[in-house]
Amino acid sequence: MSLKVNNLSGGYGQLTVLRDISFTVPNGTLTALVGLNGSGKSTTINHIIGLLNPKQGTITLNDCLLTQQPIAYKAQIAYIPEQPVVYEELTLKEHLSLTMATYHLDEKIAWEQADKLLKIFRLEDKLNWFPTHFSKGMRQKVMIVMAFITDAKLFIIDEPFLGLDVIAVNDLLTLIDERKKQGVAFLLTTHVLHTIEKHADQFVYLKDGQVAAQGKMVDFTSLVPELTVGEG
Amino acid sequence: MKLTHLFKYRFNNRWQIYFKYLRYVFNDHAVLALFFLLGAAGLAYQSLWQTAVINLWTQTILIFIILLTLIIFKEPANFTKPADATALLGDEKSFRHMVKQATYYSMLINGVVEGGLILILWPMLFRLFTHSILILIYLTFLLIFLKILLTYGIVRRNIRFENQNNSRLINWRRLISAEENHQFVVLSFYNLFIDVPGITPKVKRQKWANLLIKYWPEKKELPLTKLFVTAFIRSYGYD
């Protein structure tokens, strides 16, 4: 069981950005979705989380077809956007409560998990603060905590490392590795390849809205030499 | 907060904010001025009603005004927020339920407003078209029904993608964008009376002014003048 993207074409309005994209994100793996600016990474993500309607092709998650069973499909996903978006009127505690309500989590267990995550990301003394007043990095951490208290089967993370401090980056990668062992699938977009290469199992390289290369992470350098200029 | 009560929560929140700002709109001076304005408007309307010539021109103007009532107050509220696309992803059922309730609310409000506007026009309708109360009542209900239908149609348009086909996805981005526009219009009104936080002026290219901006004289001693002129032309909000 996994995320399957088959022959996906789509875009914004009349503009077709993605052309015939196919890839799979198996359970228990981390797939890095890479590409230059404007290659279609965020557009692909927006299709996978159902914010855009595919013009052609299908997207299924554990046999749930997105366009026909959107409610059941989305209930399995946690999404961490590139730009953290929070509610102005809710405190950090209320954000977490909202997430627990959204994903129908057991509050006792969820709060235990939340407390652990808040300590990891050094937010434990900010429960009554308003995340809208946090720095970008701190809001990013709020998004991460909100996602990781869920029991989602698929995590979609858009450029998670921008704005995060080094310790938080390592903590996030540790969390990802732990969840992978529990069978959770991760799809992650990033430009910071050297951070992810030891943790990703496979990659999908997008170029001009098409899959230009995909394969195991160990083959990345040989398959996509143009993206490893200046790395390591 | 239970997500099944999301609409109620947001509705209460929204109207708390509106009531807070209404205090500044209906301050003492404004209330006094409003009384005078309403009195003057009532007198003018009475005079118009008594003296309006019954001919094709006046009837056409009245029909035009009636059609205008269908165009104003037609945008529905859906109470979504930008963070919903992320935070409520896992429970789209509750999100859809909230949008449904917001749609009913908008249909009701817009219908009531339409009814109120037509009631105001009743005297002119009575003078220029018909003396039958029954026909006026039918017309009023017809227009209310049309406004409700129009509101519902706009919601349906906002929910669907251009390439919907038989997909069951709803267009969250469009819904959220529509709500942001709706809120901008409402809060801009309050912003005339008091600074409303979070109102960011919208920017539009205004192609007609491109040449004016391009050839606006730049002076060394006033380097920011051109910038201010450009902002003035392209921005909707002026402080």
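Just so it is clear, the structure is predicted and the values come from calculations on it, not from any experiment. Labels below follow one simple rule: chain letters A, B, ... track the order of the sequence lines, proteins then strands, and each chain is numbered from 1.
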What do you reckon, is OH of Tyr21(B) surrounded by more than 12 foreign heavy atoms closer than 6.0 Å? yes
Closest non-hydrogen atom pair between Met146(A) and Ala87(B), with its separation: CE-CB, 4.4 Å
Please indicate whether Tyr190(B) has more than 12 foreign heavy atoms, meaning atoms of other residues, nucleotides or ligands, lying under 6.0 Å from its OH. yes
Evaluate whether atom NZ of Lys119(A) has more than 12 neighbouring non-hydrogen atoms of other residues, nucleotides or ligands under 6.0 angstrom away. no
Does any pair with a residue in residues 122-148 of chain A pass ring-ring contact (aromatic ring centres under 6.0 Å, His included), and if so which ones, sequence neighbours excluded? Phe148(A)-Phe155(A)
Looking at Gln14(A), I want to see if its CD is surrounded by more than 12 non-hydrogen atoms of other residues, nucleotides or ligands under 6.0 Å. no
So for Pro84(A), is it side chain, backbone, both, or neither that comes closer than 4.5 Å to the heavy atoms of chain B? neither
Hey, is CG on Asn165(B) packed in by over 12 heavy atoms from elsewhere, all under 6.0 Å? yes
Taking atom OH of Tyr18(B) as the centre, does the number of heavy atoms from other residues, nucleotides or ligands within less than 6.0 Å exceed 12? yes
CA sep, side-chain torsions, deciding dist, call: His104(A), Asp91(B), side chain to side chain contact (heavy atoms under 4.5 Å, CB included): CA-CA 9 Å; His104(A) 308 291; Asp91(B) 190 0; 3.8 Å; yes
Can you see which heavy atom on Thr86(B) is nearest to which on Tyr79(A), and at what distance? CG2-O, 3.4 Å
Working to the nearest 0.5 angstrom, can you tell me the gap between Tyr103(A) OH and Leu89(B) CG? 5.0 Å
Interatomic distance, NZ@Lys74(A) vs CD@Glu92(B), rounded to 0.5 Å, equals 3.5 Å
Less than 4.0 angstrom from a charged side-chain N to a carboxylate O is my criterion; do Lys81(B) and Glu89(A) meet it? yes
Flag the pair Asn166(B) / Gln68(A) as yes when at least one side-chain heavy-atom distance between them is below 4.5 Å, and no otherwise. yes
Greater than 12 external heavy atoms within 6.0 Å of Asp208(A)'s CG: no
CG of Leu52(A) to CH2 of Trp172(B): how many Å apart, nearest 0.5 Å? 13.5 Å
I need the Arg168(B) CZ to Ile71(A) CD1 distance, nearest 0.5 Å. 9.5 Å
Indicate yes or no: at least one non-hydrogen side-chain atom of Arg96(B) is less than 4.5 angstrom from one of Pro70(A). yes
In this structure, OH of Tyr12(A) is separated from CZ of Arg173(B) (nearest 0.5 Å) by 5.5 Å
Does a sphere of radius 6.0 Å around CD in Glu107(A) hold more than 12 heavy atoms from other residues, nucleotides or ligands, not counting ones at 6.0 Å or beyond? no
Mind listing the closest non-hydrogen atom pair of Leu51(A) and Asn171(B) along with its distance? O-OD1, 4.3 Å
Count the heavy-atom pairs under 4.5 Å between each of Thr67(A), Ile77(A), Val85(A), Ile80(A) and chain B, then report the option with the highest count. Thr67(A)
Would you compute the distance between atom CG of Leu169(B) and atom CG of Asn53(A) and round it to the nearest 0.5 angstrom? 5.0 Å
